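A short write-up of the structure that comes next.
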Amino acid sequence: MPEEDPQAPKVPQKGIFDSENEPLRSENASQNGQVTPLSLMIPTFESVQTLPTPMTYTPPAHSAKSPRQALVISKRRGDAVQPAKENAGAQHRVVSELFPLPEAAQQRVSSLPTVSESSSTTDFSLSARSDPIEVDTVDDQEILIGYMLDRLDVPMRWKKVRQIGSGNFSNVFLYESIDQTTDPRLRLVSVKRIKYPEELVNRQALNPQLAKDLLSRLESSLSRELAILKSLDYPSIVKLYGVNNPVFITSKKPLRDLMLREDRLPHCDMIMSYCSGGDLLVAATSCNGKLEVSVVQRLFSELVMAVKYLHDNNVIHRDLKLENVLLKFPLDAIIDMKDSPVYLKHHLIELADFGLCKKIEPGELCTARCGSEDYVSPEILMGIPYDGRLSDTWALGVILFGLLEDRLPFDPPPNASVRQRNRATSHRIARYEWKWLRLLNEDLDAKQIVQHTLTRKSERWRIDQIRESSFVKSTADALPF
Ligand SMILES: Nc1ncnc2c1ncn2[C@@H]1O[C@H](COP(=O)(O)OP(=O)(O)OP(=O)(O)O)[C@@H](O)[C@H]1O
């Protein structure tokens, strides 16, 4: 039996079941008699008493990371399309998990069937209160006071420069230090400001039990991300420098403690290393398919090393995707650096977004179904206990394919029929349905990695096998970290 995730909530089996409690059958299943959990039911959020674990939803239309150019990778996140299409927003991603999305009420949320994970429910003293919870919202905060992890007693100040990103669970801002700092890394920092669920932000009257549940998920998810980030120390992984309130570091139940003090939900800012090149999705798509294989090799090899560091330390990421690979410098600068010694000496990427990561025991299987739709492995889609390391290597295969082919493997192929286009991405994933187009006749070492990762878990390469593959080994051996 797999061990259960100690920090995930208990989520009853509640997803894709019809009135007789029979799983709905997929297109595939109706042909071969097997049940595949691919159909979606779309409940309204209000009717969800227990939180759906993974959710397919339409991301908010507004985003600071919207590239304003046409993107070659066709099915881009709802926020990464041209302005005219922003509100069409029909792109879906599977996300998760421990607390509902901010602005959930505006989004199309679909629950998938899930496997329960045990909960470490925090006992918020909310059962007696029926009034809305006051939330500290500070998106316009110009001056940030923060505390470094190693100097929690000394406040430092930064001034907001601009917003640099937005995800489902956070807004990310660039801040510049006001104080004299001897540490050059702290001069420009990125600040990840956690978005709270819309029900809390809008202060709608919440069922006290639901509020308690929601807050406990929020707290355990936040604490987990902070604790794991704090424990990581690798050049190619985003660095947590500090937080806006030391309680987020010192307490195991920071929200509860701060709410007792202030009777309102405190905001949480994570002060982190800044990557001026933005994310790899935007950078790669801006090349219009002209990213050289040697650059792909350099960046991908470093990413493999970062994931190897995580797996060696029993951490799984569970949300590896192009958007979460940040570039330390703009891509043009990286390309110009190719002949300089810096190219191999300095880290060029930082892996970000540890909101779904988890510390696991060796051999432990996970049950929380989470990730981003295009990158999620078949076993997570199926709702069976999965090895998080193998789901991470699957996602690495998706990333590498995307960089090489300039489209994602489970998008409908460019020459797809209407019927193929109408099929859900999850159908193609469940059938391992991907193929080379641009590289069809190319003999390239990199293809071997994709072939051995976008495959059944029993045959799938682990991170060490990817590390030792010819495409990665020569570059990774040359990196000093
Ligand atoms: N350290 C950083 N430096 C530069 N940009 C960053 C940094 N961290 C995040 N960003 C930008 O902000 C975006 C959102 O950040 P992040 O993925 O951490 O948020 P999230 O809310 O957890 O996202 P998701 O919806 O993918 O879960 C990133 O895709 C990136 O463009």
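In each ligand, atom 1 is the first atom listed, and ligand 1 is the first ligand listed. It should be emphasised that the depicted structure is a prediction, and the values quoted were computed from it without experimental measurement. Quick note: numbers below take in every heavy atom, side chains included, and nothing from hydrogens, waters or symmetry partners.
- Residue contacts with ligand 1 leave out M272, since none of its heavy atoms falls under 4.0 Å from the ligand.
- With salt bridges taken as basic N to acidic carboxylate O contacts below 4.0 Å, one links K358 and E364.
- Near S190, the atoms of ligand 1 lying under 4.0 angstrom from a non-hydrogen atom of the residue are 1 (N), 2 (C), 3 (N).
- At a 4.0 Å cut-off, at least one heavy atom of K321 sits close enough to ligand 1 to count as contact.
- A donor-acceptor pair under 3.5 Å links the side-chain atoms of K359 to the main chain of N313, judged by distance alone.
- Near I164, with a cut-off below 4.0 Å to any heavy atom, the atoms of ligand 1 are 4 (C), 5 (N).
- Using a cutoff of 4.0 Å between basic side-chain nitrogens and carboxylate oxygens, E433 and R423 are scored as salt-bridged.
- Considering both main-chain and side-chain atoms, V238 never comes within under 3.5 Å of ligand 1 through any nitrogen or oxygen pair.
- When each of F410, W461, F401 is checked for a ring-ring contact (aromatic ring centres under 6.0 Å, His included) with W394, only F410 meets the rule.
- A salt bridge is absent between K239 and E350: the closest approach of a Lys/Arg side-chain nitrogen to an acidic carboxylate oxygen does not fall below 4.0 angstrom.
- Closest to atom 10 (N) of ligand 1 by heavy atom, among L174, V172, N171, is V172.
- Shown in contact with D279 at under 4.0 Å from a heavy atom are these atoms of ligand 1, numbered in order with element: 29 (O), 31 (O).
- By heavy-atom distance, the residue among V189, L356, L326 lying nearest atom 2 (C) of ligand 1 is L326.
- Close N/O approach between K192 and ligand 1 is found [any backbone or side-chain N/O within under 3.5 Å].
- In summary, E219 and K253 do not engage in a salt bridge, as defined by a charged side-chain N under 4.0 Å from a carboxylate O.
- The contact set between ligand 1 and N324, taken as ligand atoms under 4.0 Å from a residue heavy atom, comprises 17 (O).
- Using modelled atom types, no side-chain atom of T425 and backbone atom of D374 make a donor-acceptor pair closer than 3.5 Å.
- At least one heavy atom of S273 sits less than 4.0 Å from an atom of ligand 1.
- Between R407 and D411 there is no salt bridge, since no side-chain nitrogen of the basic residue lies less than 4.0 Å from a carboxylate oxygen of the acidic one.
- Under 4.0 Å from ligand 1, heavy atoms of C275 appear from its side chain as well as its backbone.
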